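Take a look at the structure set out below.
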Amino acid sequence: MVHVGSLERTSRPVLPSGRWFLPPALVALGALGAVFLVPADARLAVVWCGALATLAVLLMAGETARRGRVVRLLRERVHQQVGDADLMAYDLLPVALDRMKNGDLEDDVIPSLPEETASDPQLVAAFEGMAFGILDVLREKELQRDSAKRAIVNIAHRIQSEIHRLQDDIAKMQFRHGTPEVLSDLMHLEHRINVTGRFATSLAVVGGGAPVRRWARPISLHDVMRAGSGPINEYLRVEQHRVIETAVVGHAVEPLIMIMGELLDNATRYSPPSSTVVMNTEEVASGVEVSIEDKGAGLTEESRRRAEFLLQQGVDGLDLEDLGETARIGLRVAGILASHHGVKISLRPSTCEGVRAVVFLPDDLLTAVPPPKYPVPAIRPTPQWHLPIGELDEEAPAYERNANGLPQRRRRRSAAGAHAPAPRAAVEPAAARRASPERRESGLWVDAFFAGIRSEPEEPPPGEGSGEARRPGP
Amino acid sequence: MTVPEEAEDEPARRKPDDDQPVPLYVVTGGRSESADAMALDLVTLVVARADPHSGQSPEHTALLRMCRYPISVAEISAYLGLPFSAVTVLLTDLLDSSQVEVRQTRVEQRQAAADPDLDTLRALIDGLQRL
């Protein structure tokens, strides 16, 4: 009944010693008195009785005193154990639970009790048993949540790749079917598909995944901003003003397109349907700020705080139950992606009562604009064409007779100067080219064109005869 | 005004680097057809009349830059990676603001074919008989 741990304390004198000695002493004293009072022949018997009674009382008193000590010790132990239990329940366990909630499910999350509080091994064992029980339940739940998330991300990724296949197909079809009617329908389809793709990507991001599409090359900021307006319903209301000449590094392109898409979706959703949403860029210290400004009713202080909270919440703070709130999911997605790429998003009141979402892109996400893929000819005097569209560039089909009397079509440019009346339009470029010292450049586009067709390394442009090559006689 | 069937020769999947991040409907602002269906075709030559100014879309800027020299619509389409109809939409924008000029080559030929010059034909016959 008495534990080993507390046995040591029993040896310590707890009661003022000697008090328990009083009753047997009194009995002994009484017996002694009786011995002298009784007649001499009864004295022996009285001595025996007195001695026995004293012994009995002595034993009783001793036992009582011992029990009193034990009770006192037990009370002390109970106090200590209650204190320990308080420490475990109110100090140690909440800390451990907090850590578990934040995803720390290792064994060492269970705190070991301090040495002096380890009053009772059973109590310690009970505490640890309980803590591990909680840990097990949480681990189980985390496992389920993880697998549910994984399943969602898995499905979202499958939808995403299907959608990319569709996007690829549509892009090919847009080239294959050039008629405006078909193209219009294809564009409509592409738009709907892109909106669907944004939802799939949102789902993947919320589940802890990432956008599937990746870019190996940098994309100009202007293109990223315009691509951001692609997957939203009312993309025609988005305008870009003042875009800085810079580019976004490949790995950050798709997340930024998503972030801007979600912010633009939010902006167009909560502003009048006829108003525009304006995107602007501004160079700031150590980065670029892209602002998205709507002309809506704006946010109250409370809803602004709520929105900022959603933007700042990481992926860990998210429960799948939150998926029900569709309007809020966009801001979360933007917040999660931003936190992954060092992008900062803040919401500020706009000058015209709307909301101004500012996306800060740090310098390490930016790079130089890639060179254009088309040839840019050197600046030269533009040819002087005076004929409006649709008019013939020649007054009349002017043919000359050759030696045989056969009609021969005039070489349009190179020969024009040598022959009879030709419109000024045709003469001037030819004359200019002949006189021009930049003769090499005149044939560049032909070279580039043929080089493109042949897909071979560009050959040095031919010096002479480039005028001929440029517009060969029909 | 149809684009030749060149898509069949393409590899089954385009390289990711050829992809454009901006969807076509954003580039053209949702339009697939120029307001007045102008006689632009694949071999129409285009030349820029003005330098690009800031605030224009990247495609308009690119178009104006590459058209310093007369260039055909087919080439523009290839360089920009945009379908022919989309290029005509962009070109019409620039034509409306007089930033480019186009020059027809086919129209005159078509007209010539529809309305042959009798003098020329007669001269041709005469010349052939004299051979």
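By convention in this document, chain letters (A, B, ...) are assigned in the order of the sequence lines, proteins followed by strands, and residues within each chain are numbered from 1. All values derive from a computational prediction rather than experimental measurement.
- The nearest pair of heavy atoms linking Gln20(B) to Arg213(A) is O-NH2, 3.8 Å.
- Crowding of Glu181(A) atom CD: a count of heavy atoms from other residues, nucleotides or ligands under 6.0 Å exceeding 12.
- For Ile76(B), no part lies under 4.5 angstrom from a heavy atom of chain A.
- Leu186(A) CG to Leu24(B) CG: the interatomic distance, rounded to the nearest 0.5 Å, is 9.0 Å.
- No more than 12 heavy atoms of other residues, nucleotides or ligands sit less than 6.0 Å from atom NE2 of His188(A).
- For the atom pair OG1 of Thr28(B) and CE of Met187(A), the computed distance is 3.5 Å after rounding to the nearest 0.5 Å.
- Shortest non-hydrogen contact noted between Ala86(B) and Leu183(A) is N-CD2, 4.0 Å.
- Heavy atoms closer than 4.5 Å to chain B are found nowhere in Arg242(A), neither backbone nor side chain.
- Between Tyr25(B) and Tyr235(A), the two ring planes are perpendicular [angle over 60°; tilted spans 30° to 60°].
- Expressed to the nearest 0.5 Å, how far OG of Ser57(B) lies from CD of Gln240(A) amounts to 9.5 Å.
- Of the listed residues (Arg226(A), His191(A), Glu190(A)), just one forms a side chain to side chain contact (heavy atoms under 4.5 Å, CB included) with Val26(B), and that residue is Arg226(A).
- For the side chain to side chain contact (heavy atoms under 4.5 Å, CB included) test with Val22(B), the passing option among Val224(A), Ile219(A), Ile257(A), Asp223(A) is Asp223(A); the others fail.
- When heavy atoms are compared at a cutoff of 4.5 Å, Gln56(B) approaches chain A solely by way of its backbone atoms N, CA, C and O.
- Minimum heavy-atom separation, Ala227(A) to Pro23(B): CA-CD, 4.3 Å.
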